[in-house]
Each structure stands twice: as structure tokens, then as C-alpha cells.
Amino acid sequence: MSPQEISDTSTSTPRTSIDQSSHRIYCDPPDTQALSPTHQAASMSSFDHPDGGRGSSSTSTDSTPELALPILESLGFSGLSSLIGGHIGILGALAFLAFLWFGFGAAPEAAKATSAWRRIALSDWMTRAITLSSLAIRVLTTLQVTVCTSMIAALILERRRARKSYVPWLSVIRSINDGPLRLLQMLLASMDFAVVCYPEFGLAVLMVSITLVLQLSSTLLLSDLHSFVIVGDYNRSQVPSLIPYNASTFDIHIDGFKYLLRSPIFSTFGEVQSVFDSSPNSHGLSDTGLLQRGFLPFAESQNRTSTRHYEGNAIVMSSRVACMRPVILGEYGYISNEYKNFPGCGVLEGMIQYTSSFRKAHVTSIPPCESGDCEEEPFRCHIPSSNFGDWQSAACKLGGFGTAAGILTLEPKWTPSDKPWTANSSTYLLQTTNMRDKDWSQVPDTQELPEGVPFEEWQSYEIFPGRFLNITLCYMGVALERKAVEMDSSGGLREPVITGSQISTEYNTTDVQTLFGVDDPRKSVAERGILNMTILGEPQDGPHSSQAYDTVNIEDGKNITTARFTPAILELVLSAQAIEVGSNTTLPFCGLCSIIIEATTPDTSIQLMEFNLMLILRDITTQSRRAVDALSTYLTIMASAVYYDYLGAFLGFQEAGTVLTTSVLVPGPCSEHGCRGFISVAVLLGVHIIYVTIITLLYIRQARYSRYSNIWHTTSQLVTGELKKAWKHSINKSDSAVTKAFIEDGEDDFLMLGQIDAEGQIGFLKTNMPIKQTQGSGASLANPNWKNRLAWLRGKLPGKSGKS
């Protein structure tokens, strides 16, 4: 460009100057005097130097030293607010997200989490809280990226170089921009390989990449959400507690032994802590002690297993079972199956001598009965045959003592303070055997039962070598009552099932045994998946005018209250349909066995049972060898079945306090599911904060002529120096037309922002990088070696430029 061309443009364009003392930009009035070649040379020599004219210059020795702008003036209040406030906001949002991710507390199911975290989780606000946090992060990072884009544009113009065709864009970006993408596009479109070596270019690429990925922050964070069981708040609600009596509609159907034929539900329950140890003593007496188990008044399994605290009235089953070695005078034989292709089973009949059995077990508190009635009793029981030669078991119901235990009544038959062998107790002979059908079939007619060998609470009889029949005499008492209780659980409750297949001999009852506390070693309440129960006393039924004190007049239950009528009905059904199954009735506690009904003996019967019920009772009897454990489990299963079957008849409601768990969506826990989304966003934000800080520090240290979000100084700098002519010929042209003209005329030079004269005027001047050794006044500009050219680009190679 010739001096005359500059003169032509300067006559119509005000000249922009800068006052170094205050850094204010101002415009001189139009001057008709042309810029002299001396001024142009001074301008060139000042800015062809790679350090932006801040090196030594022979033509501008009197120029005022450059000073950095104050931060508040350089960035402005909005820029500083975006940078500092953005960092604070981002760190705050990240801290809030960390609170959501790691705020579970030390207790299981977030029971000890802070109230704020629990409120967010229980209100199902986790998804919204995360979404709003990610929105805040995106807004804050966008504000900071906008400021960083302006700062990078300023650094490119002041410290590097840019094509003339893109200088207006870059200059305007310092004040107004919509993000770094356009800036990056212009840097790449400059077709200058050296641009990739700019630190500013690397920061811009990083900024674009991080910003784009952060737009997915909500998706990343929400990917960490998983279903989590959390303990809810304490709540008072109405629960079924009483069975009201209506004389016109009341009726009870005793439908055979339906509970034995139903698939059992191993419902969870509350249990009073006890020294429950069924191991027999040295005399062969095994005793559970008093077991008290309470049932939750919730029909649905999900409601029961979600209970963590219950405080109110409940049905409590109290039971006690004891077994001892029997004294038997009898004989055994074989019953063949009338269907010849099916196996038969064994039969045992004779006299059971109660008094002798008690004395042998060193039991002194023999139950009262009429003279002679307790001494001995005839019986006839079936013995299963094992299908595969493994151990199988059965329970044979014996007759009661002298007070007719089999009579059904609403009056209590047994109380928790009684011994298990009272006059009204139920008595069973439990047997285990590994005798097969082919073993039983070898028994000629009937054989006298030998004396046997004592083994723990069993009397063991070897029928054939390696084939045994073990027998124990058991007594059990059970009572159902209404009590005021408090139940608590420190962990998850469960209602296990027996795993296996109907077409396979493989199955597993371990979880069920754990639930009832009959595994070895016996586990804690929390490990068993049940509640710890405390009996507070008699039921809290309110004033005497309440429904609980209504009088029920019914045969065999006159003038009893509804409060007493309710458990009495349940106990009656339990006794009739699960316990008092009839004398000489055998319950098969076996799954893979054969046992038949002897049609010619009407007083002897087999009561079939549901397959899974038989499996669990068989495993408890044969694996633990504790008959008392099998019978106490049987009582609990049957009492639970009766209670939940009749729970629909509990139309009298009373208030109870409950704490239930609920399933919510929460992030984590990281120990179970990992936290990839949170970690990814945290790393991205960390990188974002780092590059924003770096860009800000570079801008504060190196920028001299740029003010963020100020349009007047930006536009004023565009109408000086090398851009004067361009503005004159671009008034009515598109960007593409102007760029095309620059390229065709060979004028799409690299420009740089800086002082253009000794007076401190700011503008754009050529700063083409030399490609060969130049001779003339002053030192050489650069070495042809590419490393020196790169050093020149970074402003580290000394020298002065001549005219480009």
C-alpha cells in the first residue's frame, strides 16, 4: 500500500488516538493532511517486531511506554462478575451435586441422612434437582465461555496475527459474541499452519470441546440414577386390629385342612429376643423356651417388608415346644400299595408311655390328669419310605391327655406361662428314617420294636444295617393374643421362597431356615430379615366406649369383649385346621418320599401337605436334627397363614405409628453402582475452571488495547491503519465479496493490533511473518530454519522488521 493510498483514506476518516495516562480512546477531527511516509515507516517498524512494537525502535523512541489496563476497566463489571461469580456458582452447583451423590449418611437406607437430603429424595425431587443444577452449570459455563471467547480474540489480535478478512469479526468478538465456535472457525479458515501453535488456539479448542460436552451434563448426571430404598418419615395411620361380631352374619367355615394344602407364604414377623436354644440337655430334653412372634397388620408382602418401625396393637403368637426320648412298647411293619407299581411305606403301632418318658427326661412337673390316663396311650402311625435312601421325616398326632384336648373352644387352652406339656398340650411323634420301599418290603409281617439307642432327643432304632428309624416325643403349646407392641428393623426385611423345580430333586431352603432362626449358627434379627419386637403390655384400646370393649354373646364365648373375641377366633381356626388334625394322623414332613393311606384302618389317616411346606419341614428336621425347630416353624407358618387369611375380616381399625420404606430414584450409591456421570461432569468442570483461569491470567497480563463488552473502542480501532481503505470499499459489499477482493488483490495480509504512531494511536498494521533472511538496516529478522520461525512467532527471536 502506498503512502498516497493511506493519505486518501485518512482525509475522510477521523484518526483514533489513545491517551496513555488514562487509556481513554478519542478521535481527532478530520485532517486533510496525508500521513507522511515517515509516519508509515515508524508505524511499520513499530509493529513488524513480533512482540507487538514493544521492542526497541529507532523511529518511535519517544513513544509512551505501554501500561496494562486496570482489571475493572479491561474486563468490566459484567466480565468480572461472569468470571468470579461463575466460578463460585459452578463450585456451588458441584458441591450441591456432591451432596446429592454422597448424602446417604452412615446408616442403612439413608436413615441418618440429613433432613434436606431426605426431603429431596422422599419428595421425588432428585431428578428435578439434578436437572436444575445441570441447567445452572450450563448457564454459568456459557457466560464464562462468552467472556473467554472475547479474551482469546483480544489476545489473538494483540499478541498474534489474523487475516485482514477476519479482523473485523475478531475485533467485534471482543465486545459481542455468541460463543467460541465462530472464533475457532475463523482461526482454522485463515489457512495458517502456525495458528495451531498458538496457546490461544489450544485453549479455544479445549473450550469448544468442554462446552459441547457440558451440554450433555444433565444426561450424564441422570445416568447415575438408580432405584434406592429409603426409610420414610414417622406416620400415624389406621390399621386393622379387631374382628367385629355381627350375630346375623357371623359364621366360620372349617374347610378341612386347607392351610396344609396352600402354598406357604413365609411372611416376616417381629420376634421378642430370647435365649432360643433348642440343643438338648444331657437327658435328651430339647426345649425352645417361650417364643413370641408378632404379625404386622398388612396384607401385602411389599408393605410388610417395607416396615422399619411399627408401634401399636398386633396379634402375637406365643409358643413353646419340647421334645424328649419316648418310651414305646410297639411293633412295626410294612404297608404295600394297592397299586403295585407304586411304593408302600412303614407302619408303627403300640403304646406310648408318657410318665416313663417324662421320668427318663428328668421332668418333674408332670402334667395333671386323671389317674392312669397319662401313663400310656395306644397309637398307630405311618412311616414314610425314602425314594432315594436319604433322610425323610413325618409327624404323627397322638391323642391328648385326660382332659380331651381335641375339643374346639373359644377359651384359651394354653397360656405362655405354662409348660409345653400341660394337660391341653398337643402331642406328636416325630420320625426320621432312611428306610426305602424295598427295605420296608423285606420286613416279615410285623416285628417288635427293639429297645433302641438314645441319640440327643431321639431314640434310634436300627431296622437293617445302615437303615434307621429315629423317634422323638414332642409337646407343643400355642396361644394367640392381642398385645401393644413396638417392632423395629435396622435393615431390609424379606420374605424368602424355596428355590427349586417341581421336576428336579435339587432345591434350597436355606433362606427360609434363616428367616425362622433354625439355621446353624443362628443369625441375628437383622440378618434373618425380621423385626425386633418389644411387648409393651396389654393392647391400647382406648376408652371403654370404644369398639374393643363391645360385648360378644356367642355359644362357648358368652360375655367376652371384641378385644378377646378377635384372637380367640384365630386360635380356634389354627387349632382346628393345623394342630388338632386328629389322633393317629400322620403329617408327611418329607418331599421325596412315599406314604400311603391304609383304607382298612379308618382311625388312621394321612393328611397330605403342600410340597414346599413338606420340603422346609423335612430339611429342618433332618439337617438340624432338632424336631422342636421343625414344629415351632410349622406353628409360625400356620398361624401366619390363618392371620393373613382372616385379616380381611378385621373391620375394626385402630391407630398405629409406622415407618415404612419407599423406593426412590437417587444417584448412587457409588459403592454399588459407581458414579461415572458425576465423575465425568466433575472432571469437565475442573478442566473448565482451569482453562478459564488460564485465559483470564493471560488476558490480564498481555492485553493492552481491549475492553470487554465495549463497542465504541472496538469499532474505532477498525477504522485506522491498514483497514481504512477496506472500510471505504466495503460499505455495500457482503463479507464473501470483500474477502474475495482481498485474496484476488493479494491484500489478505496478517494484521495485528497495536500503536500505529508515536502519539499512541491504536490500529491494525501488517505483521507478516518473514520466510527468509533480510538484509538492510538493523539485524536479521529471522532464520530460514523452521525452529527460528516458530521462535519468531512466539516473540522470542530479537530483531526489527523492515517494510513488508
Side-chain angles (χ1 to χ4, degrees), residues 269 271-293 316-328 352-369 374 393 395-398 400-401 405 412-432 454-460 470-481 513 516-523 525 528 533 535 579 589 617 620-639:
F269 50 85
E271 183 176 286
V272 175
Q273 289 188 359
S274 64
V275 289
F276 177 26
D277 185 2
S278 56
S279 300
N281 60 21
S282 59
H283 304 293
L285 176 63
S286 175
D287 188 353
T288 63
L290 181 63
L291 285 180
Q292 293 183 295
R293 291 168 172 171
V316 174
M317 183 198 77
S318 299
S319 67
R320 186 175 177 183
V321 181
C323 294
M324 62 189 69
R325 301 165 193 153
V327 176
I328 299 176
I352 178 74
Q353 296 182 338
Y354 292 115
T355 303
S356 298
S357 300
F358 282 128
R359 290 171 179 167
K360 190 175 182 179
H362 288 234
V363 174
T364 57
S365 55
I366 298 176
C369 57
C374 295
S393 59
C396 181
K397 177 69 174 66
L398 301 179
F401 295 127
K413 294 174 54 179
W414 184 85
T415 62
S417 60
D418 291 339
K419 298 290 184 179
W421 44 74
T422 61
N424 290 333
S425 296
S426 299
T427 54
Y428 282 84
L429 277 182
L430 255 69
Q431 319 137 19
T432 63
F455 174 70
E456 298 180 338
E457 69 265 43
W458 303 89
Q459 195 72 12
S460 181
N470 302 324
I471 305 175
T472 184
L473 174 62
C474 299
Y475 304 85
M476 62 183 186
V478 60
L480 295 178
E481 302 172 289
Q513 293 187 56
F516 293 106
V518 295
D519 54 343
D520 187 25
R522 186 185 183 199
K523 295 180 176 60
V525 167
R528 291 168 58 190
M533 183 175 72
I535 297 179
I579 300 176
F589 286 11
L617 296 176
I620 295 174
T621 305
T622 60
Q623 292 176 10
S624 70
R625 302 192 306 271
R626 300 284 82 84
V628 291
D629 289 347
L631 288 176
S632 65
T633 299
Y634 173 74
L635 288 176
T636 304
I637 294 174
M638 291 297 101

### Message
Using only atom types and a distance under 3.5 Å, with no angle test, would you say the side chain of Thr288 pairs donor to acceptor with the backbone of Val628?
### Response
no

### Query
Can you tell me how far OG1 of Thr472 sits from CH2 of Trp458, rounded to the nearest 0.5 angstrom?
5.5 Å

### Summary
Shortest non-hydrogen pair, Pro280 vs Glu456, comes out as CG-CB, 3.8 Å

### Task
Identify the two heavy atoms, one from Pro326 and one from Leu429, that lie closest to each other, and give their separation to 0.1 Å.
CB-CD2, 4.4 Å

### Query
Arg325 versus Phe455: any side-chain heavy-atom pair under 4.5 Å?
no

### Query
Is a side-chain N or O of Asp418 found less than 3.5 angstrom from the main chain of Thr422, in a donor-acceptor match?
no

### 4.5 Å side-chain heavy-atom contact, Met476 and Ser319
no

### Query
Roughly how far, to the nearest 0.5 Å, is the CG atom of Leu631 from the OG atom of Ser278?
11.5 Å

### Task
Supply the atom-to-atom distance Cys396 SG to Gln431 CD, rounded to the nearest 0.5 angstrom.
6.0 Å

### Task
Kindly indicate, with the supporting measurements, whether the criterion side-chain hydrogen bond (donor to acceptor under 3.5 Å, both in side chains) is fulfilled by Asp277 and Ser279.
CA-CA 6 Å; Asp277 185 2; Ser279 300; 3.0 Å; yes

### Message
Less than 4.5 Å apart, side chain to side chain, heavy atoms only: is that true for Ile328 and Gln459?
### Response
no

### Query
Taking the side chain as C-beta and beyond, is there a heavy-atom pair between Lys419 and Arg320 under 4.5 Å?
yes

#### Entry: side chain to side chain contact (heavy atoms under 4.5 Å, CB included) evaluation trace for Leu291 with Ser274
CA-CA 7 Å; Leu291 285 180; Ser274 64; 4.0 Å; yes

#### Entry: Check against side chain to side chain contact (heavy atoms under 4.5 Å, CB included), Val316 and Arg293
CA-CA 6 Å; Val316 174; Arg293 291 168 172 171; over 6 Å; no

### Query
Under a 4.5 Å cut-off applied to non-hydrogen side-chain atoms, are Arg528 and Glu271 in contact?
yes

#### Entry: Worked check of side-chain hydrogen bond (donor to acceptor under 3.5 Å, both in side chains) between Thr633 and Thr636
CA-CA 5 Å; Thr633 299; Thr636 304; over 6 Å; no

### Non-hydrogen side-chain atoms of Ser425 and Lys413 separated by less than 4.5 Å
no

### Task
Test Val363 against Leu285 for side chain to side chain contact (heavy atoms under 4.5 Å, CB included), laying out the working first.
CA-CA 9 Å; Val363 174; Leu285 176 63; 4.1 Å; yes

### Task
Mind telling me whether Tyr354 and Tyr475 have parallel, tilted or perpendicular rings, with 30° and 60° as the class edges?
tilted

### Message
For a quick check under 3.5 Å, do Ser318 and Gln292 share a side-chain donor-acceptor pair by atom type?
### Response
yes

### Query
Could you state the interatomic distance from CD1 (Ile471) to SG (Cys323), rounded to the nearest 0.5 Å?
13.0 Å

### Query
Taking all non-hydrogen atoms of both residues, which atom of Ala630 and which atom of Thr621 are closest, and how far apart?
CB-OG1, 3.2 Å

### Message
Does any part of the side chain of Arg625, heavy atoms only, come nearer than 4.5 Å to the side chain of Glu457, both counted from C-beta?
### Response
no

### Message
Nearest 0.5 angstrom please: Asp520 CG to Gln623 CD, how far?
### Response
11.0 Å

### Message
Checking the side chain of Asn281 only, and the main-chain atoms of Gly284 only, is there a donor and an acceptor separated by less than 3.5 Å?
### Response
yes

### Task
List the steps and the verdict of side chain to side chain contact (heavy atoms under 4.5 Å, CB included) for Val327 and Lys360.
CA-CA 8 Å; Val327 176; Lys360 190 175 182 179; 4.1 Å; yes

### Query
CZ/Arg359 to CD/Gln353 distance, rounded to the nearest 0.5 angstrom?
10.5 Å

### Any donor-acceptor pair under 3.5 Å from Ser632 side chain to Asp629 backbone
yes

#### Entry: Side chain to side chain, Leu430 and Asn470, heavy atoms closer than 4.5 Å
no

### Query
Does Ser393 offer a backbone N or O that forms a donor-acceptor pair with the side chain of Thr432 under 3.5 Å?
no

### Task
List the atom of Ile579, the atom of Tyr428, and the distance in Å for their closest heavy-atom pair.
O-OH, 2.5 Å

#### Entry: Geometric class of the Phe516/Phe269 ring pair [parallel <30°, tilted 30-60°, perpendicular >60°]
parallel

